[in-house]
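I have placed the structure first, in the form of structure tokens, so that the comments after it can refer back to it.
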Amino acid sequence: MSTDTFTTIVQTAFDAVAKGVNGQASGPMHLQRVAALNAFTKQGIPTTRHEEWKYTNVMPFIGLPFSSERHEGTTDPLTIDDISQSSSGLHEALEGGWTVAIINGRYEQNLSSVPQHVPGLTIEALTDELVATDSAVRTALGSLAPIDLHPFVAVNAALTHQGVVIRLDANITLERTIHIAIVNDVRQQDTLATPRILVLAGARSSVDIVESHHTIGSFTALDISVAECVLRPECAVRYTKIVDAVPNSTLKNISSIAASVEHGSRFTSFAVSLGASFVRNDLLVRLIEPASETYLYGASVLGGSEYADNHTVVDHAVHHCHSEELYKGLYDGSSIGVFNGKIFVRPQAQKTTAYQSNHTILLSDKAQVNAKPQLEIWADDVKCSHGATSGQLNEEAIFYLRSRGIDADKARALMTYAFVAEVLEHMDHDALRLHCEQRIATKLGAEPFAP
Amino acid sequence: MTPILQITDLTAGIEEREILKGITLTVNPGEVHAIMGPNGSGKSTLASVLAGRADYTVTGGTVSFMGKDLLDMAPEERAREGMFLAFQYPVEIPGVSTANFLKTSVNELRKHRGQEPLAPAAFLSLMRERMKLVEMDQSFLSRSLNDGFSGGEKKRNEIFQMAMLEPVLAVLDETDSGLDIDALRIVAGGVNALRSSSTATIVITHYQRLLDYIVPDVVHVLWNGRIVRSGGKELALELEKRGYDWIKAESAVEA
């Protein structure tokens, strides 16, 4: 029953988008939508019998009466202040950066703070017209996040409307951070939003992008987001995804981030999950030219009945590429964490180096973690490793701290904090790292202690 | 004069097994006591019980620290009252920097004494001064606590922490184990520099070697959970020469 409801909602939303495309009904973007809707219909809503969705149970919320329509005029329009307040301090922490506001899935230029003319940077709405006229956008859109393998990517692609394209020209190093604030306005009703982001990073460019997800209001937000990043040769993209919603947020975020990395380029990803009732991250990085590399980091700090699921895929398609992955999770209450890390090393990908590790601490008897490393190696001259641990806090270390005058609660908080902080040590963006450290410390009742 | 530490008929064990079988010991201000004994005699158990390690259960006797009931205090309270245990195996804690850890620790002790937290500049200069005592490089401060430190570096870090916390009673649990002669000299130098007429030290060791550098006022031999012999520093030399077997034999006869 509930799945029928959702399917109907998607169809209705699709019809509404289709009605608005006017002269572009046979344009390339709308053809993608049609194909995506078919792909979704074919796959249906995944159940926990599906291997990739074994622990990710969307059934408890998928049957809600989500609406993707915006009822203008019934609530006060959102302001920059509203966005800032919903961001748990991130917006202030990134002061000096530029905000790209996406409200209920749509890029809102008037709430964004990117100046009109920044040399080498273009930020614009992803429209049917743009896809029709711009071959770079047309080639990239939908090329990295596969609609056939992920039903919610298909939902996003079927409903994509007013997404955002961030384009960095060759040789441009952007000093300012681009903060994509994805805000779900749920003051009036349960909403479905499908934010779509396309990042085109030119050769030898460098940029920090932070994608954050928030809610305003108390209805349920289903936020199905897709970001695709194309990294041309010798560029560096640092892409951080943060879900740190305000307390009691009803945010359900199903996110896909996919990147293709060309010669000599580096894609660095952080997935920070601190507060939301449900987060599913799919991260897919394809190393498609030699000497490309990727660094994937994840930190999940959950409590209550929160759920965070990280599915990562690193695809070593060619020789001489390098990947490193470190994910840590800290689970309290009856929270559940999932880590599924796939590494593919294709037959031609000789001299690959690929390392993966995943560590978990369970702070309560009711918390759970499900970890599954999955290495598929078809080349023979490679160095690959993976390690996964799950355990409790080191009691000897707690005693050590107590024997130095630090009380038991503080010692525990410090140890749990330090466990996760190790991941953040890899974050080069000082303001962002300090913010994340502070937020994690606050959630744990500790003080930031990292070296 | 109130003794710094007064242990009376202390019995303690782990799970069902009794390890300390009636320890009585008085440590006065200004004194250095060495506790020696063969492996398994209860030396480290005594150190653990004094520091308040939860694995051990005290089954009888009393321990008074500066006139207060030590056994009634949580480990952190003992530290705040001036007890310091230099660990035999200092724990590695990735993600916690030595400097920040010590700042918290020092300020917890200061708070307990009703003092304001140290200003960052004052704290930094105190750290720099005390690091010199154990010839530690400043780069250690920004590294994670004991993380990747060598055995000698960990032990020096223990003595550095002791220098920062200025304890009334320091218990060194086999601080000499695993140290080469240079590290031993540095560690002992640090301990000696901190000796004063109002504080005391208990050196727990298996070998006499450390006592060449930290000269004790009293030497106790622990065997089978009891102090079976006490004497001056010459007792340590005799143990070095004759081993522990004659003590075991004698105490077996007495028993």
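Predicted model, so just to flag it, every value in this text is computed and none were measured. In what follows, every chain begins at residue 1, and chains take the letters A, B, ... in the order their sequences are listed.
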ask   = Who wins among Met415(A), Glu422(A), Arg402(A) for the most heavy-atom pairs under 4.5 Å with chain B?
value = Arg402(A)
ask   = Salt bridge between Lys155(B) and Glu158(B), side-chain N to carboxylate O under 4.0 Å?
value = no
query = Ala411(A) versus chain B, heavy atoms under 4.5 Å apart: side chain, backbone, both or neither?
reply = neither
message = I'd like to know if Glu76(B) and Lys410(A) make a salt bridge, using a cut-off of under 4.0 Å between side-chain N and carboxylate O.
response = no
inquiry  = If you count heavy-atom pairs within less than 4.5 Å of chain A, which of Leu145(B), Leu109(B), Ile93(B) leads?
reply    = Ile93(B)
ask   = Between Glu306(A) and Leu274(A), what is the shortest heavy-atom contact and its length?
value = OE1-O, 3.8 Å
key: Ser105(B) versus Gln161(B), side-chain donor and acceptor atoms under 3.5 Å   = no
Region of Arg53(B) that comes under 4.5 Å of a non-hydrogen atom in chain A = both
Region of Asn146(B) in contact with chain A, defined by heavy-atom distances below 4.5 Å = side chain
request  = Decide side chain to side chain contact (heavy atoms under 4.5 Å, CB included) for Ser300(A) and Tyr331(A); before the verdict, give the C-alpha distance in whole Å, the side-chain angles of both, and the deciding distance to 0.1 Å.
outcome  = CA-CA 8 Å; Ser300(A) 300; Tyr331(A) 307 107; 3.9 Å; yes
Residues of residues 383-397 of chain A with any heavy atom under 4.5 Å of a heavy atom in chain B = Asn394(A), Glu396(A), Ala397(A)
ask   = When rounded to the nearest 0.5 angstrom, what is the spacing between NZ in Lys241(A) and CG in Asn281(A)?
value = 3.5 Å
message = Rounded at 0.5 Å granularity, tell me how far OG in Ser335(A) sits from CG in Leu362(A).
response = 8.0 Å
Side chain, backbone, both or neither of Glu77(B) within contact of chain A (heavy atoms, under 4.5 Å) = neither
ask   = By a 4.5 Å heavy-atom criterion (distance strictly below it), what part of Pro90(B) contacts chain A: side chain, backbone, both, or neither?
value = both
inquiry  = Considering only residues two or more places apart or on different chains, which pairs with a residue in residues 149-171 of chain B satisfy ring-ring contact (aromatic ring centres under 6.0 Å, His included)?
reply    = Phe140(B)-Phe149(B)
query = With under 30° as parallel and over 60° as perpendicular, where do the rings of His179(A) and His214(A) fit, or are they tilted in between?
reply = perpendicular
